[in-house]
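Chain naming here is simple, since letters A, B, ... match the order of the sequence lines and numbering starts at 1 in each. The figures that follow rest on heavy atoms only: side chains count, while hydrogens, waters and symmetry mates do not.
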Number of protein chains: 2
Amino acid sequence: MNKPRLLEVYNCLCDETRLRIVHLLAQSPLCVCHLQDILGLTQVSASKHLAYLRQRGLVVSRRHEQWMIYSLPTERPRELDWQLRCLQDCLPTHPIFRGDLRKLNAVRSDCCWVAEVVGTTPTAPVHSSRIKRRTE
Amino acid sequence: MNKPRLLEVYNCLCDETRLRIVHLLAQSPLCVCHLQDILGLTQVSASKHLAYLRQRGLVVSRRHEQWMIYSLPTERPRELDWQLRCLQDCLPTHPIFRGDLRKLNAVRSDCCWVAEVVGTTPTAPVHSSRIKRRTE
DNA sequence: CAGGAATATACCTGTATAAGAATTAGCGTC
DNA sequence: GACGCTAATTCTTATACAGGTATATTCCTG
């Protein structure tokens with residue numbers, strides 16, 4: 001029924017978990033398990049929220065070995081671009097999102113393989129460090 | 001639980017009816033019955049959505065005789081200001097909102113008292129024209 | 001190909017809320 | 001004060017969706 005694109009964007013962002021996900025992905029691409037860690041989500045919850053966002057075009061995913069890497073699309077509808085600017089302006093002062101950014105940086109420094117995996121060249125092998133992550 | 005202000009704004013705008021209301025009020029203050037007419041809402045639906053918006057600070061209301069005039073607050077949180085800019089940029093092309101603006105202009109021209117009532121000086125008497133509106 | 005890790009899906013349940021009907025309340029005219 | 005108009009509230013019902021459990025799928029390693 002030709003739902004306005006902007007309305008779909010609002011439907012995505014009106015849930016706190018999804019707002020936090022988009023806020024994090026605006027900083028860096030991330031795999032599902034890192035989003036779980038940072039946001040304290042169950043695997044199912046993370047996966048379902050990401051599916052919701054993916055189906056509405058707010059995020060894209062690509063497989064890298066056994067991980068799914070989620071990121072913001074490079075070609076973004078203007079509706080989303082407005083929201084990203086708004087997030088950047090309005091969220092940094094709020095404790096929830098400050099905390100998320102802190103945890104994001106912890107993940108980045110703890111996991112030597114994140115930079116490789118989430119970067120623009122996702123083809124580097126990361127086997128040994130992957131095991132390191134899961135056992136730590 | 002200290003819900004982020006931006007999340008509340010999204011909760012308001014993620015409903016199509018409320019998005020259309022805010023879009024209209026960004027053009028001009030309006031009384032409830034005009035919003036009903038323009039959007040094709042029942043009295044109850046209009047009133048409840050407006051209460052939802054009012055409780056979250058996205059709109060304010062003032063009584064003028066037997067009408068409640070709703071408008072955007074003059075002092076707006078930045079979260080709302082971002083959305084107003086976004087609406088102005090993203091919505092004009094969509095048929096739903098174009099239609100709403102058309103109907104808004106029809107109301108404005110049909111009803112000689114709208115300008116008086118919704119203006120910054122809401123004290124002018126409008127009795128005769130009010131009756132005219134209801135019977136036409 | 002067996003097994004494990006990461007992710008997705010199907011199903012069920014609970015909750016928030018949108019919509020409708022009926023009622024109530026406020027303001028103005030007569 | 002009775003009546004008409006505008007708006008708000010209450011109650012009930014219906015629907016969307018978030019969360020949980022169990023299961024399926026895909027990829028990698030040995």
Side-chain angles (χ1 to χ4, degrees), chain A residues 3 7-8 10-21 30-37 39-56 59 61-70 111 113 117 122-136, chain B residues 3 7-8 10-21 30-37 39-56 59 61-70 111 113 117 122-136:
Chain A
K3 193 174 182 179
L7 192 56
E8 285 202 334
Y10 285 145
N11 277 304
C12 287
L13 301 180
C14 71
D15 176 88
E16 179 175 316
T17 300
R18 288 194 293 264
L19 181 57
R20 292 169 74 186
I21 289 174
L30 286 168
C31 68
V32 180
C33 57
H34 281 155
L35 285 168
Q36 284 179 237
D37 288 353
L39 301 176
L41 301 176
T42 66
Q43 184 267 317
V44 173
S45 175
S47 182
K48 282 198 286 196
H49 281 301
L50 288 165
Y52 191 106
L53 292 168
R54 180 164 31 81
Q55 284 156 12
R56 288 157 183 80
V59 307
S61 62
R62 63 177 190 275
R63 179 173 285 280
H64 176 73
E65 297 174 2
Q66 68 248 59
W67 297 284
M68 293 298 294
I69 313 294
Y70 280 84
C111 292
W113 61 278
V117 175
T123 45
V126 290
H127 312 146
S128 56
S129 43
R130 169 193 54 182
I131 288 157
K132 172 163 165 286
R133 190 196 101 77
R134 269 295 132 191
T135 55
E136 55 130 12
Chain B
K3 192 173 182 178
L7 193 56
E8 285 203 333
Y10 286 145
N11 277 304
C12 288
L13 301 181
C14 69
D15 176 89
E16 179 175 317
T17 300
R18 287 194 294 265
L19 182 57
R20 292 169 74 186
I21 289 175
L30 286 169
C31 68
V32 180
C33 57
H34 281 155
L35 285 169
Q36 285 179 238
D37 288 354
L39 300 176
L41 301 176
T42 65
Q43 184 268 316
V44 173
S45 175
S47 181
K48 281 198 286 197
H49 280 301
L50 287 165
Y52 190 107
L53 292 169
R54 181 164 30 83
Q55 284 156 12
R56 287 158 183 79
V59 306
S61 62
R62 63 177 190 275
R63 178 174 284 281
H64 176 73
E65 298 176 0
Q66 68 248 58
W67 297 282
M68 293 296 296
I69 313 294
Y70 280 84
C111 291
W113 61 277
V117 174
T123 46
V126 288
H127 311 150
S128 55
S129 44
R130 167 193 55 180
I131 289 159
K132 171 161 166 287
R133 191 196 101 77
R134 270 295 132 192
T135 53
E136 54 129 12

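- When side chains are defined from C-beta on, A/M68 does not count as touching A/L50, because their heavy atoms never get closer than 4.5 Å.
- Closest approach to the A/W67 side chain among D/dA7, C/dG28, C/dT7 is made by C/dT7 (side chain taken as heavy atoms from C-beta onward).
- Going from atom CG of A/D15 over to atom P of D/dC17 covers 11 Å, rounded to whole Å.
- For the pair A/H64 NE2 and D/dC27 P, the interatomic distance rounds to 13 Å; values are reported in whole Å.
- For the pair B/H64 and B/I69, the tightest heavy-atom approach, listed with the atom from each and the gap, is CB-CG1, 3.9 Å.
- At C/dA19, none of the side-chain N or O atoms of B/Y52 fall inside 4.0 Å of OP1 or OP2 (strictly under the cut-off).
- When the nucleotides C/dA8, C/dT7, D/dA7 are ranked by their closest atom to the side chain of A/C31, C/dT7 comes out on top.
- Here the P atom of nucleotide C/dG20 and the CD atom of B/Q36 are 12 Å apart, to the nearest Å.
- Taking all atoms of both residues into account, the shortest heavy-atom contact from A/A46 to A/V32 is CB-CG1, 4.1 Å.
- With respect to B/H49, the side chain to side chain contact (heavy atoms under 4.5 Å, CB included) criterion is satisfied by exactly one of B/D15, B/L39, B/L35: B/D15.
- Note: CG (B/L7) to P (D/dA18) measures 12 Å, nearest angstrom.
- Pairing each heavy atom of B/R56 with each of B/E8, the nearest pair is CG-OE1, 4.1 Å.
- Heavy-atom minimum distance, A/E16 versus B/L7: CB-CD2, 3.5 Å.
- When the ring pair (Phe, Tyr, Trp, His ring centres under 6.0 Å) test is applied to B/Y10, the partners found at least two apart in sequence or on another chain are A/Y10.
- Put simply, CD on B/Q55 is 13 Å from C1' on C/dT17, counting in whole angstrom units.
- Across residues 42-51 of chain A, A/T42, A/V44, A/S45, A/K48, A/H49 each have a non-hydrogen atom less than 4.0 Å from an atom of DNA chain D (numbered order).
- Of the possible polar contacts, one joining the A/R63 side chain to the A/E65 backbone as a donor-acceptor pair under 3.5 Å is found.
- Rounding to whole angstrom units, CD of residue A/E65 and C1' of D/dT26 are separated by 13 Å.
- Over its length, the helix from C/dC1-D/dG30 to C/dC30-D/dG1 turns its helix axis by 20°, as judged from the five terminal pairs at each end, rounded to 10°.
- Rounded to an integer number of Å, the gap from CD1 of A/I21 to C1' of C/dT7 is 14 Å.
- Formation of a donor-acceptor pair under 3.5 Å by the A/R18 side chain with backbone atoms of A/C14 is not found in this model.
- Note on A/R18: a side-chain N or O is less than 4.0 Å away from OP1 or OP2 of D/dA18.
- B/E16 places its CD atom 16 Å from the C1' atom of C/dT17, with the value rounded to the nearest Å.
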